[in-house]
Amino acid sequence: MIDKSFSPSAVEQRWYQRWESAGYFKSSAQDARPPYSIQLPPPNVTGTLHMGHAFQQTLMDALIRYHRMRGFNSNWVVGTDHAGIATQIVVERQLEAEGNSRRDLGREKFVERVWQWKQQSGSTITRQMRRMGASANWEYADTEGQKAGYFTMDAKMSRAVTEVFVRLHEEGLIYRGKRLVNWDPVLGTAVSDLEVDSEEEDGKIWEICYPLEDRSGFISVATTRPETMLGDVAVAVSPKDERYSKLIGKKVRLPLTARPIPIIADDYVDPAFGTGAVKITPGHDFNDYQVWQRHKAELLDLFSIFTLDAKIINDSVAAAGPLWQDYVAARETGGKTGPVGTQPLASDLGIPNKYFGLDRFEARKQIVSDLRAENLLVSEKPYKLRVPRSGRTGAIVEPMLTFQWFVKMEGMARDGLEVVKRGEVKFFPEHWTATYNHWLENIQDWCISRQLWWGHQIPAWYDAEGNIYVARTEEEARQKAKGKALKRDPDVLDTWFSSQLVPFSSLGWPEKTPDLEKFLPSDVLVTGNDIIFFWVARMIMATRHFTGKVPFRHVYINAIVRDAEGEKMSKSKGNTIDPLDLIDGISFDKLLEKSTQGLLKGEHRERIEKYIKGHYPNGIPAFGADAVRFTFASLASFSITLNFDLGRCEGYRNFCNKLWNATRFVLMNTEDKDCGQDEKAAVKLSDWDRWIVSRLQRTEAEVAQGFDEYRFDNAAASLYKFVWDEYCDWYVEMAKNQLTDPDQAVQRGTRRTLVRVLETSLRLAHPIIPFVTEELWQKIAPLAGKKGETIMLQPYPKSQPEKIDEALEQKIAVSTAVVNAGRSLSSEAKVIHRNASFIVSGEPSTSTRAAVTTFMRNSQFVERLPATDSPVKLVDRHAVMLNIKVDPAAERERLSKEIARLEAQIAQTEGKLANESFVAKAPPKVVEEFRGRLAEFRSALGKLKEQHEKLTARA
RNA sequence: GGGUGCUUAGCUCAGCGGUAGAGCACUACCUUCACACGGUAGUGGUCACAGGUUCGAACCCUGUAGCACCCACCA
């Protein structure tokens, strides 16, 4: 016999290992069954599992298990991502803690060090995924033999990256150019538009006076970044602005530098804003850059006033960073086309020595103060502005003029829009299509080069003249360069450049593999809305471009997991939940320790402590993976956020235990007994037996619909309701009675139904709660005449509509209603139900008779109720009387209440039916429904009134 | 500035044109032989607000308010 309650931990570990070692998760292109595949959004290889992962992986695993059981060749392609910036930062911090830096180490040693870290921590997240029960194809595309799927930097995946880069370059879709890009001065790298978040912050706006060169007056400009004035090349005004029309073409003397710059007219300027005059700094502002492009004939060439770590340039900038070293070298050799091109000296630009080497914010202070001293500062006002910050470091992004590699997006974007428009790729929920479309319609070229060390190094080489050779190997580049000395581009590719290839690179591309043929496109991508641009759109474009296929047919955008109050989960709030803590449980002390360790700011500690004391005064109990999964499924509607409620998790843990105990009951009553496996043995099935089978078919249909529509909440709710409310609450109770029937055929039929329905329910629930269902199925299956090593590979229950019996369900509904009436009566009369005796009138059906015998032990059926004062409830054709002496006054009052309620309902329904337009215009079926309802109400009212009058007469 | 989503019981959420639902919490009763991680019965809602369409609106339309998120170059 199984334990009295379900304890998940032992069961989970045991089964997962068995499943994996038995190879149940594997899949092969040779398998002739129809394919069903899902690509896992590859998590950061050195990361740990968070609630978002746990959530989407639960859904993916449920889908994979569901389809596997339905006979699909299911392939959950998994892998991990090298996560360039994120991983490099982590290792740099480690070095920092050791008093080292990556520059001290040098590139080669640093990259070695990152690999070490990857080997050391790389298995954490995949181990955690296994704890969630992920039936992923771990050995697939696993060239490193680590049973973690592919790794985006392994040899095979890297080969595809190089191939794609070279081909795009050959097609003219990748180019190198000196552009203004978003620059993270802390990391010293370019980042893409998407990696910049701008938040509104409190800042200041200054109005600065620029004197006209001819001393005839001045023009004042407004700026939020006065330090950039050193890089001004013009002042722009609106061509429509009459105030300034006379000044256009004149020159002003740029304060602090004495450099003359022209006043130009450009539509970009809004005359109504600020002073109507804008300083133009094309080297450090994207708008100004565009203005410059329109006027470049009359302006200075582009230049930078900041070093790459955002300090004011000086005349020997060699110390500032590698790109500048290249620049200096180029300048010294007289080269005009070196890696960063030409750049005037700081002194040529009139930048005073005193600013050399000042950090941009220091420079700002100094410049404002100097302007004030010179009486050129008109005003300084508080101002709210949007500050662009690097998503990774939080550093304020500096638009910086650098050489970078770009991908031309326009053509691929058009195609990406087309395939979605044609419905070849569909979003669930559908409204995400708009987000996707909007981005692609306004797409910019993608800056793919990063000045980092961890990542795929760009396959481009330069000769001394600055000619570029893009090639698959250095060998190939050398051939192209005809023996010239070459230096490889030191930059690496944006991580997303490799992730976008995953749908086909993981399947063996550029080889023409059977896998590509079989598993591309995959069936559904399950991912967060935050990476629709970063990843989803780019996968669609890249996969289309290189394979002509879409990467996946469906995109299910999962909700963002929040805490129970709907707050974003963040370490500093202390409201993050580790999915593993939900599975295993954690004590209050440990949770507190875990949440407050490694904090940077002491001030958060108090807040976190308060949060944890408030929310988890007793820590978190161990819910087990199944409960966590069921919770995720139950909350997975199409809403944009998912507020994770521990209360619900507890409820679903209870559900797992309920299932466990239902099985326990069934085992107690069926093991070593005749369960009707022998089809020839006589079997009598009651209405209740046939009813639960009918309900099961409905449930099967509902669950299938839930999965098909990605409405996991509906699938879960349906399962919950069936198992708890129908099987346990009604059928099992009825079965108890049937099992005492002297007729062996009845007993046999009951046992068979108990076992078969339970066995089917376990299979039905398996995709969502794999562990408990496996454990229980092993016990129940033999009794149902099923054999198999695992529930995982059993056929999934399919609804048989012919077994749905509508009439029977209605009949049973009357039976349950009679029982419920009895329960209400005893409860209202404060009589302990099992001691209560009832009198039931109306010819009972066999199912009602059985139900009454089971649930209302001391009952008798009569033709007419006795004329007593006892409380009565009406159900269909039945009247249920609680056979007790009762205070007639109290009973009168109770009846009056019911009468009043009925009368109100009658009035409402009558009103409706009296409405001519309702009767005329509403569908006849609806009208009939209301008429029927009214008749029922009236008949019930009549009986109640009769009862009431009897009481009144006797009073 | 543009866009998307949300606002339903104390809490977390379903329902999206025909008598307001679930889980949790709460109240009362029940240690009954599968389960107290249980059973039974209850309490609790002018479905954000205002108009409109309709025989009928939580559900469709318009507007308002609040919340959340995304996009955008106003110095």
Side-chain angles (χ1 to χ4, degrees), chain A residues 1-2 4-6 198 205 207 221-225 228 236 268-270 272-281 285-291 383 385-386 429 431-432 434-435 438-439 442 529-530 532-533 560 562 564-566 568 621 623 627 631 634-635 637-669 711 713-714 717 720-721 725 728-729 732-733 736 820 823-828 830-834 855 905 908-909 912 915-923 925-927 929-930 933 937:
Chain A
M1 184 45 51
I2 59 176
K4 209 172 164 187
S5 64
F6 171 46
S198 47
I205 189 163
E207 214 179 297
V221 298
T223 181
T224 53
R225 301 202 52 201
T228 62
Y268 157 67
V269 182
D270 173 3
F273 188 89
T275 61
V278 187
K279 60 192 264 325
I280 300 299
T281 320
D285 185 286
F286 291 100
N287 296 317
D288 294 2
Y289 175 80
Q290 303 214 324
V291 174
Y383 190 69
L385 67 159
R386 298 189 73 86
H431 70 256
W432 289 109
T435 306
H438 183 255
W439 187 66
N442 298 286
N529 73 326
D530 52 337
I532 290 179
F533 308 144
I560 297 162
R562 304 286 190 89
E565 281 90 35
K568 229 177 208 162
F623 294 119
T631 310
S634 298
L635 294 174
S637 63
F638 276 174
S639 107
I640 198 163
T641 54
L642 181 161
N643 296 353
F644 194 89
D645 183 7
L646 232 49
R648 289 190 72 154
C649 194
E650 194 179 337
Y652 297 125
R653 175 202 57 184
N654 297 352
F655 173 74
C656 293
N657 189 55
K658 189 77 180 177
L659 192 57
W660 179 272
N661 272 290
T663 306
R664 194 170 121 93
F665 167 81
V666 172
L667 287 173
M668 286 171 72
N669 288 284
R711 286 300 303 268
D713 56 333
N714 291 344
Y720 186 99
K721 193 166 65 83
D725 300 348
C728 292
D729 285 354
V732 164
E733 294 305 319
K736 285 177 185 172
N820 285 337
R823 284 166 167 173
S824 282
L825 285 172
S826 58
S827 174
E828 280 166 37
K830 310 245 181 260
V831 176
I832 292 172
H833 186 74
R834 66 174 177 278
F855 290 101
Q905 282 179 313
Q908 202 192 345
T909 316
K912 194 117 186 170
N915 185 338
E916 278 173 36
S917 46
F918 170 70
V919 180
K921 291 184 184 170
K925 197 180 145 218
V926 174
V927 178
E929 231 176 86
F930 274 82
R933 203 180 293 160
F937 287 155

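Residue numbers begin at 1 in each chain, while the letters A, B, ... track the order of the sequences.
Within 4.0 Å of A:H431, counting heavy atoms only, lie sugar-phosphate atoms of the nucleic acid but no base atom. Within 4.0 Å (heavy atoms only), A:K4 reaches sugar-phosphate atoms of the nucleic acid but no base atom. Counting any heavy atom pair closer than 4.0 Å across all strands shown, A:C728 reaches a base atom. Within the nucleic acid shown, A:A434 has no heavy atom closer than 4.0 Å to any nucleic acid atom. Counting any heavy atom pair closer than 4.0 Å across all strands shown, A:A922 reaches a base atom. Among the protein residues, A:K736 comes within range of the nucleic acid bases, having at least one heavy atom under 4.0 Å from a base atom. Residue A:F644 is classed as having no contact, given no heavy-atom separation below 4.0 Å to the nucleic acid. Counting any heavy atom pair closer than 4.0 Å across all strands shown, A:E929 reaches no nucleic acid atom. Within the nucleic acid shown, A:S639 comes within 4.0 Å of sugar-phosphate atoms alone, with no base atom in reach, counting heavy atoms only.
What separates CD1 of A:I640 from C1' of B:C69 is a distance of 6 Å, to the nearest Å. As a whole-Å value, the separation of A:K921 NZ from B:C55 P is 4 Å. For the pair A:Y720 OH and B:G23 P, the interatomic distance rounds to 6 Å; values are reported in whole Å. Atom CG in A:N669 sits roughly 12 Å away from atom P in B:C35 (whole-Å rounding). The separation between A:E650 atom CD and B:A22 atom P is 19 Å, rounded to whole Å. Counting to the nearest Å, the C1' atom of B:G23 and the CZ atom of A:F623 are 13 Å from each other. Between the NE2 atom of A:H833 and the P atom of B:C29 there is a distance of 18 Å, given to the nearest Å. Following rounding to the nearest Å, A:F6 (CZ) and B:A36 (C1') show an atom-to-atom distance of 19 Å.
Between A:N820 and B:A41 there is a side-chain polar atom (N or O) within less than 4.0 angstrom of OP1 or OP2. For B:C29, neither phosphate oxygen OP1 nor OP2 lies less than 4.0 angstrom from any side-chain nitrogen or oxygen of A:S827. Put simply, A:K658 has no side-chain N or O that comes within less than 4.0 Å of OP1 or OP2 on B:G23. Of the side-chain N and O atoms in A:N643, one or more sit less than 4.0 angstrom from OP1 or OP2 of B:C13. Under 4.0 angstrom from either OP1 or OP2 of B:U31 there lies at least one side-chain N or O belonging to A:R834. For A:N714, no side-chain nitrogen or oxygen approaches OP1 or OP2 of B:A14 to under 4.0 Å. One finds a side-chain N or O of A:S824 lying less than 4.0 angstrom from the OP1 or OP2 phosphate oxygen of B:G42. Put simply, A:R386 has no side-chain N or O that comes within less than 4.0 Å of OP1 or OP2 on B:A75. Put simply, A:Y652 has no side-chain N or O that comes within less than 4.0 Å of OP1 or OP2 on B:C24. For the OP1/OP2 pair of B:G38 and a distance below 4.0 Å, the side-chain nitrogens and oxygens of A:S5 include no atom meeting the criterion.
Closest approach to the A:D270 side chain among B:A75, B:C35, B:A14 is made by B:A75 (side chain taken as heavy atoms from C-beta onward). Checked against B:C37, B:C70, B:U12, the side chain of A:D645 finds its nearest nucleotide in B:U12. Among the nucleotides B:C30, B:C35, B:C73, the one closest to any side-chain atom of A:N661 is B:C35. Listed nucleotides: B:C13, B:C35, B:C55. Nearest to the side chain of A:S917: B:C55. The side chain of A:F273 has B:C74 as its nearest neighbour among B:C74, B:C69, B:C13. Of the candidate nucleotides B:U40, B:A34, B:A68, B:U40 has the atom lying nearest to any side-chain atom of A:D729. You'll find that the side chain of A:R823 is closest to B:A41, out of B:A41, B:A75, B:A14.
Between the side chain of A:N657 and the backbone N or O of A:R653, no donor-acceptor pair lies under 3.5 Å. No side-chain donor-acceptor contact under 3.5 Å links A:S827 to the backbone of A:R823. In terms of modelled atom types and a separation under 3.5 Å, the side chain of A:R386 and the main chain of A:S198 share a donor-acceptor contact.
A pairwise comparison of heavy atoms in A:Y268 and A:V278 identifies CE2-CG1, 4.4 Å as the closest pair. Between A:N643 and A:R562, the shortest heavy-atom contact is OD1-CB, 3.4 Å. When all heavy atoms of A:V926 and A:F918 are compared, the pair lying nearest together is CG1-CZ, 4.2 Å.
Between the side chain of A:K830 and the base of B:C29 there is no donor-acceptor pair of N/O atoms closer than 3.5 Å. Side-chain atoms of A:E733 come within donor-acceptor range of the base of B:A34, with a qualifying N/O pair under 3.5 Å. No hydrogens or angles were tested; on distance alone, a donor-acceptor pair under 3.5 Å links the side chain of A:R648 to the base of B:U12.
Between A:F655 and A:Y720, the ring-plane angle classifies as parallel under the 30° and 60° cut-offs.
Between the P atoms of B:G56 and B:U4, the separation comes to 30 Å (whole Å). Only the P atoms considered, B:C73 is 33 Å distant from B:C13, to the nearest whole Å. With C1' as the reference atom, B:C24 and B:G18 are 31 Å apart, rounded to whole Å. Using P as the reference atom, B:U31 and B:G39 are 16 Å apart when rounded to the nearest Å. Nucleotides B:C67 and B:A48 are separated by 11 Å at their C1' atoms, to the nearest Å. Taking atom C1' on both B:A20 and B:G45, the two are 8 Å apart, rounded to the nearest angstrom. The gap from the C1' atom of B:C47 to that of B:G17 amounts to 15 Å, rounded to the nearest Å. Rounded to whole Å, the separation between the C1' atoms of B:A50 and B:A65 comes to 11 Å.
Contact annotation: the side chain of A:K568 never approaches that of A:I560 to less than 4.5 Å [non-hydrogen atoms, C-beta and beyond].
B:C60 is paired with B:G52 under the Watson-Crick or G-U wobble criterion, all donor-acceptor distances under 3.5 Å. In this structure, B:A34 forms no base pair with any nucleotide, since neither Watson-Crick nor G-U wobble geometry is met with both distances under 3.5 Å. When both distances must be under 3.5 Å, the Watson-Crick or G-U wobble mate of B:U40 is B:A28. Across the strands present, B:C73 finds no partner; the criterion is a Watson-Crick or G-U wobble pair with both atom distances under 3.5 angstrom. In this structure, B:G66 forms a base pair with B:C6, meeting either the Watson-Crick or the G-U wobble geometry with both donor-acceptor distances under 3.5 Å.
A residue-by-residue look at A:P923 and A:L635 shows that A:L635 has its nearest nucleotide of RNA chain B further toward the 5' end. Nearer the 5' end of RNA chain B, as judged by each residue's closest nucleotide, is the contact made by A:F918, out of A:F918 and A:V221.
Shown are A:T641, A:L642, A:D713; of these, the side-chain contact (heavy atoms from CB on, under 4.5 Å) with A:L635 is made only by A:L642.
For CD of A:E207, the number of neighbouring non-hydrogen atoms (other residues, nucleotides, ligands) closer than 6.0 Å is greater than 12.
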